[in-house]
Amino acid sequence: MLKGHQSWIFEKKPVIRAAATVVGPFEGQGPLSNDFDIVHGDLMAGQDSWEKAERTLMEEAGKLAIENAGLTKEQVNFYIGGDLMNQIISTSFAARTLTIPYIGVFGACSTSMESLALAAMIVNSGSAQFALAGACSHNASAEKQFRYPTEYGSQKPPTAQFTVTGAGACVLSQEGQGLHVTSATIGRIVDMGIKDPFNMGAAMAPAAVDTIEAHFRDMQLEPGYYDLIVTGDLSKIGYAIANDLFNKHKFPIEQTQYQDCGMLIYDYQKQQVQAGASGCACSAVVTYGHLLKRMRKGELRRILVVATGALLSPISYQQGESIPCIAHAVSIEGEVEPK
Amino acid sequence: MIFLWAFLLGGLICVIGQICFDVFKMTPAHTMTSLVVLGAVLDGLGLYDPLIKFAGAGASVPITSFGNSLVHGALQELRSDGWIGAITGIFEVTSAGISAAIIFSFLAAVLVRPKG
Amino acid sequence: MPNNKKKKLTPVQQEYQQLAKKREPSRPVFANCLRAFLVGGIICVIGQGIQEMFVHWAGFDEKKASSPTVAVLIILSIVLTSFGIYDKIGQWAGAGSAVPVTGFANSMSSAAIEHRSEGLVYGVGAKMFKIAGPVIVFGTVAAFIIALLHMIFNPDIVGGS
């Protein structure tokens, strides 16, 4: 149901029946490694190209999520997902393997929450019994497509971010107990004229702030309603800027805890990731792995995940265009009282 | 002594490249391209040979020397073969570098996989 | 960014960019330059060493020795690239490992290795010059223009029959 200008309330409260996360070796060395279901020791995941490796991660995450939900893939009505590759090949090829009716979406790194919001809406409307939402990214395939060959000795500036290798998926169902997807806010494109593809945090921060403020305006809530608000992959610089913007707009973010997925997944001291993490998988694995686990343990009751995406392509950058950015927010809430 | 000059001049040219990266925010490809053109212009003015004489590998190893060699080849054939040398001579001197890079890059691509 | 591009920005964008600029960590220019100087210098010293070897043991003269020297450096660089070491050096050394001819070889071999999965022709063959291509193109065009200028301003040097 539409609420306010750009938000949906899911009054049937679709249930997150199960989730699964698969990551690469570098993420496995990070502080959240225990929260992931599968940690690959091999960046190629046993395949012979980065693209196939990324697809494999997505297939594994999807299959595992369905398995954890106690379902078979025939029972899942729709699979909604996307990734960073041209023509979202990783997700589409994973959908070929999963053979679930498929809706491909692209929102760059915001795809994780874009797909979850759409899956929740489909389930909420009664158009599906079960829906699978997922997103994936791979450090090497992203470097190859957006930057330089992985073996090329270029120096990354301190504003650069490290694309997460991994995939996250979750199964939503109409009925059941557990965590619920309660609302979503679809963001609009915000472009502040930033052109530096090595400073995506700064490009995306205004989009995240715009969507967060829209969410609370539409829902007529205060930030204190949530135990935690996380942005997708702003990383150090974007996170600092987002805080500045909240201050400037006198938005009471201090009522709640505000974090960024891009700052949680790696250890800044031990791992060389410059400003932090990015990629579709960043918000996907942190949310579906780390945050859902914390919610199940009862450490968090209500969270708002705001996945941020930089919608640039290597061509648009070379043609001198600035970076259009977007953010989508999805709220996940714990156990509601039995009816 | 030539080793010291090679170190100093080679290092200095790399610092110019680093300044292009960090201060002018140029991409690696833009930086390398500029340095090659710089090397070509210096040789066109007859200034690169003295550098090589003075600092040896300090001038002949950085990418600027690639520009220098291209011009050198062109001018050399211009002298010996006439105007057509401006076209035929360009790759005369740089053959070793380009050929080696192509051949061994190809072999590497056939033999190894990217490590990430 | 040049100023004429800044002018196209709306006041809101300009204000935001000023705010964002404050949070952007400055690049460690001095440390980077120092490291580039050291690594670049060392690579040139190695080059000088190889050149001396060619002069002393293989009987090349100073001028002729530079071609095989460059070839040896290129092979060394491609071996390091193949083992996945050159990109690690590059993150530390910046231009120090990018500007010497070894960086040129790294740009070609890394692209060739990376795009092997798209086949030998369109992958290795075509993508090898992804980063090195512009260097060759601009070097060649510059060399041609300089040769032309020499022909115009110093017609005496044009030899041949």
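Numbered from 1 within each chain, the chains take letters A, B, ... in sequence-line order. Bear in mind the structure is a predicted one, so any value in this text is a computation, not a measurement.
Both the backbone and the side chain of B/I102 come within contact range of chain C, each with at least one heavy atom under 4.5 Å from a heavy atom of that chain. With a threshold of 4.5 angstrom between heavy atoms, B/L70 approaches chain C through its backbone and through its side chain. For a residue to count as touching a neighbouring chain, one of its non-hydrogen atoms must lie under 4.5 Å from one of that chain's; by this rule B/V36 touches chain C with the side chain only. In this structure, chain C has a heavy atom under 4.5 Å from the backbone of B/A55, while its side chain stays farther away. When heavy atoms are compared at a cutoff of 4.5 Å, B/I84 does not approach chain C at all. Interface residue B/F66: only side-chain heavy atoms are found under 4.5 Å from chain C. Of the atoms belonging to C/I136, heavy atoms from both backbone and side chain fall under 4.5 Å from chain B. With a 4.5 Å cut-off on non-hydrogen atoms, C/L148 does not touch chain B at all. If you measure heavy-atom distances from C/E52 to chain B, the contacts under 4.5 Å come from the side chain alone. Residue C/I74 touches chain B through its side chain alone, counting heavy-atom pairs closer than 4.5 Å.
Annotation for C/C33 and B/V15: closest pair O-CG2, 3.5 Å, computed over non-hydrogen atoms. The two residues B/Y48 and B/A59 have their closest heavy-atom pair at OH-O, 2.6 Å. Residues B/A6 and C/C44 come closest through the heavy atom pair O-CB, 3.6 Å. Across every non-hydrogen atom of B/A108 and C/I78, the tightest pair is CB-CG2, 3.7 Å.
With rounding to the nearest 0.5 angstrom, the CG atom of B/L38 is 12.0 Å from the CD1 atom of B/I63. Taking CG of C/L9 as the start and CD of C/Q17 as the end, the distance is 5.0 Å to the nearest 0.5 Å.
Contacts with chain B were tallied for C/G47, C/S107, C/G84, C/A112; C/A112 has the most, counting heavy-atom pairs under 4.5 Å. Of the listed residues (C/R27, C/K130, C/R116), the one with the most heavy-atom contacts under 4.5 Å to chain B is C/R27. When the candidates C/N106, C/I75, C/V70 are compared by the number of heavy-atom contacts under 4.5 Å with chain B, C/I75 comes out ahead. Ranked by heavy-atom pairs shorter than 4.5 Å toward chain B, the options C/L34, C/I145, C/D87, C/V135 are led by C/V135. Heavy-atom pairs under 4.5 Å with chain B peak, among C/V29, C/I131, C/T140, at C/T140.
A donor-acceptor pair under 3.5 Å is absent between the side-chain atoms of C/S109 and the main chain of B/S105, judged by distance alone. Side chain of C/Q51 to backbone of C/S66: no donor-acceptor contact under 3.5 angstrom is found. Between the side chain of B/T64 and the main chain of B/G39, no donor-acceptor pair closer than 3.5 Å is present. Without hydrogens or angle criteria, C/S77 side chain to C/L73 main chain gives no donor-acceptor distance under 3.5 Å. Although no hydrogens or angles enter the test, the distance criterion places a donor-acceptor pair under 3.5 Å between the side chain of B/K115 and the main chain of B/R113.
Within residues 119-129 of chain C, the residues having any heavy atom closer than 4.5 Å to a heavy atom of chain B are C/L120, C/V124, C/M128, C/F129, listed by residue number. Among residues 19-26 of chain B, the residues having any heavy atom closer than 4.5 Å to a heavy atom of chain C are, in sequence order, B/I19, B/F21, B/D22, B/V23, B/K25.
Few gaps surround CZ on C/F37; more than 12 heavy atoms of other groups in view lie less than 6.0 Å from it.
Residues passing the side-chain contact (heavy atoms from CB on, under 4.5 Å) test with B/T27, sequence neighbours excluded: A/Y148, A/Y317, B/A29, B/H30.
Classification of the B/F54-B/W5 ring pair by plane angle, with boundaries at 30° and 60°, yields tilted.
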- List the steps, then state whether side-chain contact (heavy atoms from CB on, under 4.5 Å) holds for C/V45 with C/I42. CA-CA 5 Å; C/V45 166; C/I42 289 168; 5.5 Å; no

- side-chain contact (heavy atoms from CB on, under 4.5 Å) between C/I46 and C/I50, intermediate numbers included: CA-CA 6 Å; C/I46 295 170; C/I50 296 169; 4.0 Å; yes

List the atom pairs, with distances to 0.1 Å, where a side-chain N or O of residues 92-104 of chain C and a protein N or O form a donor-acceptor pair under 3.5 Å, not counting sequence neighbours.
unit_1: C/S97; atom_1: OG; unit_2: C/G94; atom_2: O; d: 3.4
unit_1: C/T102; atom_1: OG1; unit_2: C/Y86; atom_2: OH; d: 2.9

